[in-house]
Every structure is written in structure tokens, then in C-alpha cells.
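Report on the following structure.
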Amino acid sequence: MNGSSSTPVFRRRILLSSLAGLAVAGGVSAYELHRANRPPHKQPDGRYRKLTIAWPHATTAPVLAVAYQKDFFARYSLELETAGDFLDGSEALDALEHGKATYAVAPALTWLPRLHAGLSASLVLGIQPGVFRLLVRRGSGVTRLDQLMNRPVGVPDLNAADKLFFAIMMRRKGINAMSGVNWKTLPAEELLGASQRKELDAVVAHDPLAWQLLNQSDGLFAELVSSNTGHYADRTNLILGVSNSTFEEDPDAATALTLALRDAAKWTNTHRSEAATLVADDTPTMTPDNVLAMLNSEPTIRPVTGHALREQMAQYCDELQLISLLPETESAADLAKTYTRNVLRG
């Protein structure tokens with residue numbers, strides 16, 4: 001459902017090689033030397049700003065809860081208003097496209113096809129990795145990805161990043177999940193009942209829904225694969241983007257918001273217990289212990305900007321080409337360069 005920018009503020013209780021050699025000999029690593037010689041991060045001008053953002057499932061987003069309640073926005077003279085309640089990244093990007101928000105957060109796999117289709121925005125910060133889980137119903141007999149072919153698999157949104165992530169994973173194994181799996185689109189609250197009635201053999205979703213289905217359904221599900229391990233755990237997923245017109249009008253605002261969320265993400269990763277309490281305040285179905293167990297099952301929260309963000313977006317572009325959601329004739333690296341912007345460099 002689309003919100004309005006008039007929605008009240010979302011408050012939460014919220015030299016080079018030789019020099020490098022000398023440096024190592026003197027007890028300073030080449031990495032530290034490189035860091036010392038990099039230009040400093042651009043800093044915002046400190047002016048007060050009120051910004052509007054579209055963020056799906058905002059009340060269960062730990063980094064957002066921390067940013068509000070630990071005053072990371074205030075630290076950068078920001079007041080952040082959420083544009084409404086959004087069920088997924090696609091709805092958040094709709095709000096951005098229609099001018100109901102000037103910033104948006106969505107999964108990379110949701111952003112990139114929309115940017116290629118003409119959405120005028122730039123990606124500026126990878127906030128945290130993905131938390132996608134593919135859950136199989138115990139008793140379904142499914143123990144391998146290829147056994148999902150022609151099986152009913154539930155998904156909250158047919159075009160959601162959850163589905164695309166596993167379609168890419170399966171495509172790398174030679175499985176065409178886009179057309180070969182019997183995808184069933186159901187509201188999130190109906191996935192459990194449909195599985196209990198054996199109408200679904202598996203479910204793909206992301207946390208907190210996926211974690212709740214796995215851990216609060218009396219053992220109905222087993223996790224087959226997820227994005228929480230291996231090289232996928234190191235890949236950013238939830239991305240902050242800014243409309244290009246907004247950036248051109250006020251680039252310092254994008255810098256300030258990027259720094260605020262980057263700092264909040266780092267704090268969240270090292271203070272998971274306290275972050276869990278903040279999220280649980282707005283999640284009636286989960287206790288602080290539940291939320292902490294969920295956060296501890298997820299990858300390191302590592303914000304990504306600049307060159308690292310561009311490289312990871314190129315990987316996603318390459319994978320979207322595998323499932324024909326981006327044209328194979330275009331360079332993934334060039335696409336990623338077009339779609340990203342480093343707002344921390346002057």
C-alpha cells in the first residue's frame with residue numbers, strides 16, 4: 001500500500017610499493033598507509049534538514065530503530081519522516097518514483113531492474129546483507145533444490161527479491177526456477193496455514209517472517225538454504241537510494257543520511273542485544289530474546305559504500321542477467337557504475 005509524505009514522523013522509542021615496504025618495516029601496514037593517504041570522507045554542512053524516506057517493514061528494521069532511538073539522525077542534523085507503511089521494496093520504490101519520498105530503501109535485486117527500466121535514482125549505501133531463507137515443509141520429501149521443480153512454493157510477492165535470490169541460486173545449478181517452480185503468491189499471514197494444509201511444499205521469505213516461520217511453527221519447516229552463510233553472507237542487500245533530482249538539489253543531504261545510517265548499522269552490529277530490545281518494542285509477536293536470536297542467526301551487519309558498493313552491484317547485475325531480468329548485451333560493471341554514486345567523496 002502506498003503512503004503519503006504527510007504521514008506523521010515515524011518516531012521510535014525509539015612512494016607506493018617502496019613506501020609500503022618501509023611502513024611495514026616500521027610497524028605500519030601497507031593497508032594503514034593506504035588509508036592514511038586516502039582523501040577524507042566528505043562531511044555534510046551541518047544544516048538542519050527534514051527528509052522523507054520509504055522503508056519497507058520500517059517497524060522491524062533494526063538499523064532504522066537504532067538510528068532513531070540512539071540519535072544517529074540528530075547527530076547529523078536530520079529529522080527523518082517515513083512516507084508510509086510499505087509491504088516490500090517494490091512499494092517503497094513506487095513511492096520514490098511518484099514523489100512521495102525522496103529516499104528509499106529496498107533490496108538490491110528489487111532496485112536494479114527498476115533502475116534499468118528508467119527509475120531516476122542512485123544507490124548510495126549498502127546497509128546490511130540479505131536474510132533470505134528457503135524453508136521446506138517437513139514431510140514434503142524435498143532435500144535438494146532440484147526437487148522443487150514443479151512443486152508449489154509459497155512467496156509473499158511474486159516479484160520479490162526473495163524469489164529472485166533463490167531463482168539465481170538455482171540457475172547457477174542449471175535449474176530454471178523462474179518457469180520451472182510452481183510459485184504461489186500468498187499474503188504473508190497465509191503462508192503458515194497453507195503449509196499446514198500441505199498446499200505448499202516450501203516457502204521463500206526474508207526475516208523476520210522467515211525466522212518466525214522456521215522457529216515458531218512447531219517444527220513444521222526445515223531450512224534448506226539461505227543467504228546467511230557462505231559468500232552471500234558477505235554481500236550487501238538492503239540498499240539506500242536517492243532520487244537524482246533530490247541529489248542534484250542537495251548533495252549534502254545525501255551525505256548526511258548516508259553517514260547517519262552507516263554509523264547506525266555499525267552500532268547495531270556490535271550492540272545486537274540492545275538493538276533487539278528496540279525492535280521488540282514495535283514487534284508484538286516477538287520478544288527481545290526472540291529478536292536477539294534472530295539477529296544472531298544473521299550475517300555481520302557491514303555497511304558498504306563507494307567502490308565496494310559498485311563492485312557488489314556489478315555482481316548482482318551479472319546474476320540478474322542469468323535470469324533474464326537485465327540484458328546480457330550490457331556490461332554488468334558499466335551498469336553498476338551508472339546506478340551507484342559515492343556521496344562520501346567530494
Side-chain angles (χ1 to χ4, degrees), residues 10-14 55-75 80 82 85-89 105-107 125-136 138 156 161-162 165 188-189 191-192 203-240 260-304:
F10 174 64
R11 299 285 188 189
R12 310 294 298 274
R13 269 185 328 138
I14 4 193
W55 192 312
H57 301 292
T59 57
T60 60
V63 173
L64 184 59
V66 166
Y68 272 117
Q69 299 185 54
K70 292 299 178 180
D71 295 327
F72 284 99
F73 293 135
R75 185 176 301 177
L80 200 68
T82 55
D85 297 324
F86 303 100
L87 297 178
D88 55 38
V105 169
L125 171 69
I127 298 171
Q128 66 181 70
V131 284
F132 304 123
R133 302 179 195 266
L134 194 161
L135 311 178
V136 295
R138 296 186 189 276
D162 315 67
F165 174 82
E189 61 272 16
L191 291 171
L192 177 59
V203 169
V204 297
H206 59 273
D207 291 355
L209 173 61
W211 189 90
Q212 290 176 291
L213 288 173
L214 179 62
N215 293 279
Q216 298 178 342
S217 59
D218 297 324
L220 179 65
F221 295 103
E223 184 175 285
L224 185 61
V225 289
S226 78
S227 64
N228 297 340
T229 58
H231 68 276
Y232 290 114
D234 296 324
R235 183 100 64 89
T236 195
N237 165 64
L238 201 61
I239 313 294
L240 170 70
L261 288 173
R262 182 202 65 175
D263 293 354
K266 291 179 178 179
W267 191 96
T268 302
N269 187 62
T270 55
H271 299 79
R272 294 195 178 203
S273 180
E274 190 169 351
T277 299
L278 299 181
V279 172
D281 286 347
D282 290 304
T283 312
T285 59
M286 297 179 73
T287 67
D289 287 344
N290 292 153
V291 178
L292 180 59
M294 179 184 73
L295 292 179
N296 285 339
S297 75
E298 297 175 354
T300 300
I301 299 174
R302 184 183 297 111
V304 180

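For this chain, numbers begin at 1 and follow the sequence in order.
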Within-4.5 Å side-chain heavy-atom neighbours: [X] and [Y]:
X: Q216; Y: N290; answer: yes
X: P129; Y: R302; answer: no
X: W55; Y: L238; answer: yes
X: V131; Y: W211; answer: no
X: P156; Y: L191; answer: yes
X: E274; Y: W267; answer: yes
X: D282; Y: T60; answer: no
X: S226; Y: L135; answer: no

I need the minimum non-hydrogen distance between [X] and [Y], along with the two atoms involved.
X: A106; Y: G89; result: CB-CA, 3.8 Å
X: A264; Y: V63; result: CB-O, 3.9 Å
X: F221; Y: L214; result: O-CD1, 3.8 Å
X: A280; Y: V291; result: CB-CG2, 4.1 Å
X: T285; Y: Q212; result: OG1-NE2, 3.0 Å
X: I239; Y: G126; result: CD1-CA, 3.7 Å

Look up atom [atom1] in [X] and atom [atom2] in [Y], then write down how far apart they are to the nearest 0.5 Å.
X: L295; Y: N269; atom1: CG; atom2: CG; result: 9.5 Å
X: E189; Y: L209; atom1: CD; atom2: CG; result: 9.5 Å
X: D234; Y: T300; atom1: CG; atom2: OG1; result: 7.5 Å
X: I301; Y: I127; atom1: CD1; atom2: CD1; result: 10.5 Å
X: L213; Y: R133; atom1: CG; atom2: CZ; result: 10.5 Å

Ring center gap for Y232 and F132 short of 6.0 angstrom: no
Is atom CG of N296 surrounded by more than 12 heavy atoms (other residues, nucleotides or ligands) closer than 6.0 Å? yes
Spell out, as yes or no, whether a donor-acceptor pair under 3.5 Å connects the side chain of R138 to the backbone of G219. yes
Whether the side chain of S227 engages the backbone of G130 through a donor-acceptor N/O pair (distance < 3.5 Å, no angle test) should be reported. yes
Might you work through the side chain to side chain contact (heavy atoms under 4.5 Å, CB included) test for L134 and F165, ending with a clear yes or no? CA-CA 10 Å; L134 194 161; F165 174 82; over 6 Å; no
Of L278, D207, T268, which is the lone residue that meets side chain to side chain contact (heavy atoms under 4.5 Å, CB included) with P62? T268
Step-by-step side chain to side chain contact (heavy atoms under 4.5 Å, CB included) determination, M294 to M286: CA-CA 10 Å; M294 179 184 73; M286 297 179 73; 4.0 Å; yes
Hey, mind stepping through F73 and L64 against side chain to side chain contact (heavy atoms under 4.5 Å, CB included) and telling me if it holds? CA-CA 10 Å; F73 293 135; L64 184 59; 3.9 Å; yes
